[in-house]
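Sequence positions, counted from 1, serve as the residue numbers for this chain.
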Amino acid sequence: MFTFSAVIYNGNKQILIRHDCKTDTEFSDYLESQFGCHVCLWSNKELSESTLANIAAAKKVQ
């Protein structure tokens with residue numbers, strides 16, 4: 001799971017979006033469903049907090 005961040009422009013204003021998804025395509029579909037026509041000005045993808053916690057827990061078990 002990843003946390004995607006993006007700054008989009010919807011024709012009226014810039015909006016910072018953060019959303020957890022599994023894939024880039026899933027995030028693109030989310031943006032399209034929520035905002036329709038938009039321009040993505042910037043985006044980032046990082047491991048989600050829940051994924052990082054699972055990795056840390058797995059390391060402690062080892």
Side-chain angles (χ1 to χ4, degrees):
M1 184 72 73
F2 296 96
T3 298
F4 289 83
S5 304
V7 174
I8 65 164
Y9 178 70
N10 67 0
N12 296 315
K13 61 183 176 180
Q14 293 181 10
I15 306 167
L16 174 63
I17 306 298
R18 290 181 56 85
H19 188 71
D20 289 345
C21 296
K22 295 178 184 173
T23 65
D24 295 9
T25 302
E26 188 178 324
F27 183 60
S28 294
D29 291 345
Y30 168 76
L31 289 176
E32 183 66 31
S33 70
Q34 294 296 308
F35 303 100
C37 184
H38 65 277
V39 176
C40 184
L41 304 172
W42 170 87
S43 66
N44 186 46
K45 175 177 148 182
E46 57 191 282
L47 291 173
S48 68
E49 291 295 324
S50 61
T51 300
L52 291 172
N54 288 339
I55 292 169
K59 286 183 178 180
K60 285 185 179 180
V61 170
Q62 295 176 356

Please name all residues satisfying side chain to side chain donor-acceptor pair (under 3.5 Å) with [X], sequence neighbours left out, ordered by chain then number.
X     : value
Asp20 : Thr3
Ser43 : none
Thr23 : none

Start with the C-alpha distance between Asp24 and Phe4, add both sets of side-chain angles, then the distance that settles side chain to side chain contact (heavy atoms under 4.5 Å, CB included), and finish with yes or no. CA-CA 8 Å; Asp24 295 9; Phe4 289 83; 3.4 Å; yes

Give me the atom names and distance for the closest heavy-atom approach of Lys22 to Glu26.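 Heavy atoms only, the tightest pair is N-OE1, 3.4 Å.
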
So for atom CD, which belongs to Glu49, do other residues, nucleotides or ligands contribute more than 12 heavy atoms lying within a distance under 6.0 Å?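 Atom CD in Glu49 is not packed in, count stays at 12 or less.
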
Quick test of your reading: applying ring pair (Phe, Tyr, Trp, His ring centres under 6.0 Å), list the pairs with at least one residue in residues 35-62, sequence neighbours left out, ordered by first then second residue.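 Of all non-adjacent pairs touching residues 35-62, none passes ring pair (Phe, Tyr, Trp, His ring centres under 6.0 Å).
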
If you apply the rule side chain to side chain contact (heavy atoms under 4.5 Å, CB included), what do you find for Phe2 with Leu47, and how did you get there? CA-CA 4 Å; Phe2 296 96; Leu47 291 173; 3.7 Å; yes

Among residues at least two apart in sequence or on other chains, which ones pass ring pair (Phe, Tyr, Trp, His ring centres under 6.0 Å) with Tyr30?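 Once residues adjacent in sequence are excluded, the partners of Tyr30 under the ring pair (Phe, Tyr, Trp, His ring centres under 6.0 Å) criterion are His19.
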
Contacts under 3.5 angstrom, residues 5-16 side chains, donor-acceptor by atom type, not counting sequence neighbours:
from, atom 1, to, atom 2, distance (Å)
Ser5, OG, Arg18, NH1, 3.0
Tyr9, OH, Gly11, O, 2.9
Asn10, OD1, Asn12, N, 2.9
Asn10, OD1, Lys13, N, 3.0

